[in-house]
Amino acid sequence: MANESSIYKPLKGGIHPREAAQYHSRNAIKVFSSAIEKSGLKLKDINVIAFSQGPGLGPCLRTGATFARTLSQVMNVPLVNVNHCIAHVEIGRLLCKCEDPVTLYVSGGNTMVLCFESGRYRVFGETLDIAIGNFLDAFSREAGLGLPGPPIIEEYAKKGEKILDFPYRVKGMDVSFSGLLTSALKYLKKGEKIEDICLSIIEISYSMLTEVTERALAQLDKKEVLLTGGVARSKRLREMLEEMVKEHNAKFFVVPNEFAGDNGAMIAWNGLLQYLNGKYISIEESFINPRMRPEEVEINWRK
Amino acid sequence: MEKIDILFNKYDAEVLKIGAEATIYKIFWKGIPLIVKKRRIKNYRHPKIDYEIRLSRTLHEAKLLLYSKKLGVKCPAVLFIDRINTALIMQFINGNRLRELIPYLSNEEISRISFLIGEYVAKLHKGNIVHGDLTTSNMIIDNNKDVVFIDYGLGAFTNEIEEKAVDIHLFMRTLESSHYNFLKNILENFFKGYEKILGKDFTQEILKKVEEIRLRGRYISLRKKKI
């Protein structure tokens, strides 16, 4: 197996969708060739192409989908549409060997608690505004600490001494981070110590995530928790979840670092699962869907 | 039996229920039975954040109970608030949970109680409170055959119709999952009671909202599964 990637990094500011998409189209062939080379396969060995249908940035999804359609036509193999969020869960289940976990999926663009219930992956809780990664990156950038946000902020947090007052927003099983970002930037302007701000936002935002995961775990009466997505690399978040999971006598799993962030292998693996169970689409149906929900996908590979 | 720290004393306590966040105990104080709802320490949280969350939620719940009573909706009276142990010490309600009682009630009695529940929920909504967890386990029929609402832990002060509709939706969902045979009778009288307090127009409006919420994918499928 090969899991190749090339990631767009803006020179300054946040991600510009058009520029990210242009970067992707410039690098698609290079990444594809190196994946083929690394895996030692020939083009004719490939019998299915999977692509991410959504959710995500429209221009970037479109670039990927166009590339996938082209490959599928040139090689004359079927095309499989994969939901990005579900792919994160499935690669986690594969690599951690867990059966039926409550999944906390945290990344730059998504924050949700997912669980499999009656034929579909249901969203039991999610962010009402911005994602955790987005929040931490935005703060880190504004404070001039650099990117990626979470590890840098956690490093600063180690030297923090006091917890400042911040809004703690958990509504049922949903969370909200935009108020935290606003207050953090206000503290920054007021000249509070950066270490204290970092400590506070890390502790508060991760507590919120742990609490909603705990609620889902208790309500659904499951025995496993899976942490996935780019922010799954965070040491502090892992610690908190581990502590919480222990109290519930459940098992805790974290996706290996290489497969925590967005990666090609997860799309390929989920595509394979779907294809083997007879679910693929024609070129005409292969629209992207930037706001695709996990609930939209009928899961035919799980009971 | 367990020993708990409350109001600078230790009490023998019987555990009634363990929730995700709090534990419910029954204690005796000078021979009087009382309910203690104690929010537990979460070790994963920073101690300061943990305490502040527990405290603010305890105070919030006490406030909701107080306002609920003011609006004429029966609920346990808050007797003490223990800020150190983040616990509410409340009146013990003598009676039975509606959930266990329903199979033994006559149709007329179910109609009467449903009408009453409708009135009470409407009174809360009129006073801009949502209960947040209107299940039949959270309703006690007391010795006067009146309905008492308990557990305001998920409640909120709000004037948004959406949240009020969610309140009703949650109530309907427990009926569908636990009391399906009585569903028609309960709902009919529930909405009669609701309409009596809040009027026809508002009731129609909220019913439309409830329908809208139920059409959102995740609720539909949950409902299907439960039936």
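This one's a predicted model, so the numbers in the text were calculated from it and none came from an experiment. Throughout, a chain's letter reflects where its sequence line sits, starting with A, and its residues are numbered from 1. For the numbers below, each heavy atom of this structure counts, side chains included, while hydrogens, waters and symmetry mates do not.
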Quiz item: Do we see a donor-acceptor contact under 3.5 Å between the side chains of B:Tyr44 and A:Glu247?
Solution: no

Quiz item: For the atom pair CZ (B:Arg45) and OG1 (A:Thr210), what is the distance rounded to the nearest 0.5 Å?
Solution: 9.0 Å

Quiz prompt | A:Glu211/B:Arg57 ion pair, N-O < 4.0 Å | solution = yes

Quiz item: Heavy-atom count around A:Glu99 CD within 6.0 Å, excluding the residue itself: above 12?
Solution: no

Quiz item: Under 6.0 Å from the CD1 atom of B:Ile41, do we count more than 12 heavy atoms belonging to anything else shown?
Solution: no

Quiz item: Picking from A:Leu199, A:Val170, A:Ile204, which has the most non-hydrogen pairs under 4.5 angstrom with chain B?
Solution: A:Ile204

Exercise. Working to the nearest 0.5 Å, report the span between CG of B:Asp50 and CD1 of A:Ile163.
Key: 11.5 Å

Self-check item: Neighbour count above 12 (heavy atom, 6.0 Å) for A:Arg169 CZ
Solution: no

Exercise. Taking atom NZ of B:Lys63 as the centre, report whether more than 12 heavy atoms of other residues, nucleotides or ligands fall under 6.0 Å from it.
Key: no

Quiz item: Do other residues, nucleotides or ligands put more than 12 heavy atoms under 6.0 Å from the NZ atom of B:Lys48?
Solution: yes

Practice problem: Would you mind checking which part of A:Glu214 comes under 4.5 Å of any heavy atom in chain B, side chain (CB onward), backbone (N, CA, C, O), both or neither? | Solution: side chain

